[in-house]
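All remarks here apply to the structure that follows.
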Number of protein chains: 2
Amino acid sequence: MAAEMHKKIRVILADDHPVVRDGLAAMVNQQPDMEVVAEAGDGDAAVALYEQHQPDVMVLDLRMPKRDGLAVVQRVMEINPKARLLIMTTYDGDEDIFQCLSHGAKGYILKDAPRPEILSAIRAVSEDRPYTSSTVAAKALQRLAKPSLTERELDVLELVAQGRSNKDIARRLSITEGTAKTHVKSILTKLDAISRTEAVAVAHKRGLIRL
Amino acid sequence: MAAEMHKKIRVILADDHPVVRDGLAAMVNQQPDMEVVAEAGDGDAAVALYEQHQPDVMVLDLRMPKRDGLAVVQRVMEINPKARLLIMTTYDGDEDIFQCLSHGAKGYILKDAPRPEILSAIRAVSEDRPYTSSTVAAKALQRLAKPSLTERELDVLELVAQGRSNKDIARRLSITEGTAKTHVKSILTKLDAISRTEAVAVAHKRGLIRL
DNA sequence: CGCGGCCTCTCCCGGATGGGAGAGGCCGCG
DNA sequence: CGCGGCCTCTCCCATCCGGGAGAGGCCGCG
């Protein structure tokens, strides 16, 4: 039947570690129903190769040079709103998961997943079915209940995480120290933290800040 | 000639990501002069398999379940002081590098290294020659110049990083708040930080604390 | 238009934090 | 034994931080 065309699932891999790309490529190419058509080592290349090859699935690492995984998701979904993207990364902070999925990624799995799970995730996403392991999905739902930070608060949070004082933060953002304190207090409330240092710890765990 | 025995380099891979192990295994087994004899997904397995197979080289990730890479290095060097260990990880904090090398690891490379470099590192280490890329070596040397924290200071630092107050830290370590403050001040001085939050940022960057 | 969210700024105040200085007890090393 | 490092504890003090409350301006959305 026409429905049973034996056309292989065309996959692009985007990860900055050659070793990981090799591992995935070997796994994928070993399957009779899929093949790797391109590999990218950074975000810009991922976007360019997506446009060029229009694959059935693109497997994306979140942390990449030049343009991170989330930015790639956004850009690719602009180009093709029907794109099927599978996030595969080591990071399991609520924020990362939530952001990627809400921007249109179809699946999200962790790098320590066993081989069969990775392959079934690729197949699911290639058929436009969402794939998310239960633990990952649970985190995304948790995130829904938590208050989100505003743009400005994220600016401040980043500086707080670098260890800057309120005065220093104010200078760098060209606002008064009082305003910086207001933002910090708001951050503490939203993250349910008692001190700025605890706020940094919480933000880190949730994936609100990197490094 | 006897010197040209075609015995393959026997390699053990230890990494908690199946994908990475696959990638490395594929690379290694493709080489005519080396072969993977075992794979471990956690630290305990790595030690057990090392004892069992006595490989020429063991490639180790630092972050692993049950027993981290550094602990594996220590244990294996106890068992066999001539063991040839190659650390292959994503972390490039001074402290990690310094600790591993000073405990006897023969090489240290990053996961984003190109394939040829990884293979030549394995060959080098298998011949008992140290392998360290220049940037990594530079970090280890930097570390030499920096004051190191005492055990107690590391205990305190960990709690500081969790956002605990001096009073809280004191309670948990069963010391007075004054003593906790003394330790914190000493940490600030050694890490050249102005505030506890900056100290956490610096400590994180150096690999003194995890998460 | 009016409501609400966001960013900005202000004032007050108690408690936490960081800087400086000193000191006693313990332990290992030469 | 004596020195030095580490852990412990103490005192003082200026500054920073966090909690509470309020308010004006801007902008988007209904």
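Letters A, B, ... are given to chains in the order of the sequence lines, protein chains preceding strands, and every chain is numbered from 1. Worth saying up front: this structure is predicted, and the values here are computed from it rather than measured.
- Listed by residue number, B:Ile175, B:Thr176, B:Gly178 are the residues of residues 170-178 of chain B with a heavy-atom contact under 4.0 Å to DNA chain D.
- The phosphate of C:dC7 (OP1 or OP2) has no side-chain N or O of A:Thr179 nearer than 4.0 angstrom.
- Residue pairs meeting the salt bridge (Lys or Arg N to Asp or Glu O under 4.0 Å) criterion with at least one member in residues 115-127 of chain A, sequence neighbours excluded, are A:Asp33-A:Arg123, A:Arg115-B:Asp22, A:Glu127-A:Arg129.
- Rounded to whole angstrom, the span from the CZ atom of A:Arg164 across to the P atom of C:dT17 amounts to 21 Å.
- Among the protein residues, B:Lys167 comes within range of the sugar-phosphate backbone only, with heavy atoms under 4.0 Å from sugar or phosphate atoms but none that close to a base.
- Atom-to-atom, CD of A:Glu198 to P of D:dG18 comes out at 11 Å; the value is rounded to the nearest Å.
- The nearest whole Å value for the distance from the CG atom in A:Asp192 to the C1' atom in D:dG19 is 14 Å.
- Pairs of Watson-Crick or G-U wobble type, with distances under 3.5 Å, assemble into runs of 3 or more in DNA chain D at these ranges: C:1-30 with D:1-30.
- As rounded to whole Å, 16 Å separates atom C1' of C:dG20 from atom CD1 of B:Ile194.
- For residues 176-198 of chain A, the pairs satisfying salt bridge (Lys or Arg N to Asp or Glu O under 4.0 Å) are A:Glu153-A:Lys190, with sequence neighbours left out.
- Dense packing is recorded around CG of A:Leu141, with more than 12 heavy atoms of other residues, nucleotides or ligands lying under 6.0 Å away.
- Between the CD1 atom of B:Ile187 and the P atom of C:dG18 there is a distance of 11 Å, rounded to whole Å.
- Remark: B:Gln52 engages B:Leu49 in a side-chain contact (heavy atoms from CB on, under 4.5 Å) (not counting sequence neighbours).
- Under 4.0 angstrom from either OP1 or OP2 of C:dG20 there lies no side-chain N or O belonging to B:Lys185.
- Considering B:Arg143, B:Lys205, B:Lys146 as possible partners of B:Asp94, the one that fulfils the salt bridge (charged side-chain N to carboxylate O under 4.0 Å, His left out) test is B:Lys146.
- Salt-bridge check for A:Arg84 with A:Asp128: passed, with a basic side-chain N closer than 4.0 Å to an acidic carboxylate O.
- In terms of phosphate contacts, B:Asn166 brings a side-chain nitrogen or oxygen within less than 4.0 Å of OP1 or OP2 of C:dT17.
- Listed by chain and number, the residues in a side-chain contact (heavy atoms from CB on, under 4.5 Å) with B:Thr182 amount to none (sequence neighbours excluded).
- In this entry the distance linking NZ of B:Lys181 with C1' of D:dC11 reads 10 Å, nearest Å.
- Distance from the side chain of A:His183 is smallest for C:dC7 among the nucleotides C:dG18, D:dG18, C:dC7.
- Among residues two or more places apart in sequence or in another chain, the side-chain hydrogen bond (donor to acceptor under 3.5 Å, both in side chains) test is passed with A:Glu35 by none.
- Taking the ring axis of A:Phe98 as reference, the NZ or CZ atom of A:Arg206 does not stay both within 45° of it and closer than 6.0 Å to the ring centre.
- With contacts defined as side-chain heavy-atom distances shorter than 4.5 Å, the pair B:Asp61/B:Met88 does not qualify.
- For DNA chain D, none of the residues of residues 144-158 of chain A falls under the heavy-atom distance limit of 4.0 Å.
- Atom CZ of A:Arg196 is separated from atom C1' of C:dT17 by 11 Å (rounded to the nearest Å).
- Considering only the side chain of A:Leu188, D:dG18 comes nearest among D:dG18, C:dT17, D:dC7.
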Under 3.5 Å, which N/O atoms of the protein pair with N/O atoms of nucleotides 23-30 of chain D?
none

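- Within the structure, the ring pair (Phe, Tyr, Trp, His ring centres under 6.0 Å) test picks out no pair touching residues 113-141 of chain B (sequence neighbours left out).
- Annotation: ring pair (Phe, Tyr, Trp, His ring centres under 6.0 Å) contacts involving residues 165-209 of chain B, sequence neighbours excluded, comprise A:His204-B:His204.
- In this view, A:Arg75 and A:Glu78 satisfy the side-chain hydrogen bond (donor to acceptor under 3.5 Å, both in side chains) rule, not counting sequence neighbours.
- In this structure, A:Asp15 does not pair ionically with A:Arg21, as no charged nitrogen and carboxylate oxygen lie closer than 4.0 Å.
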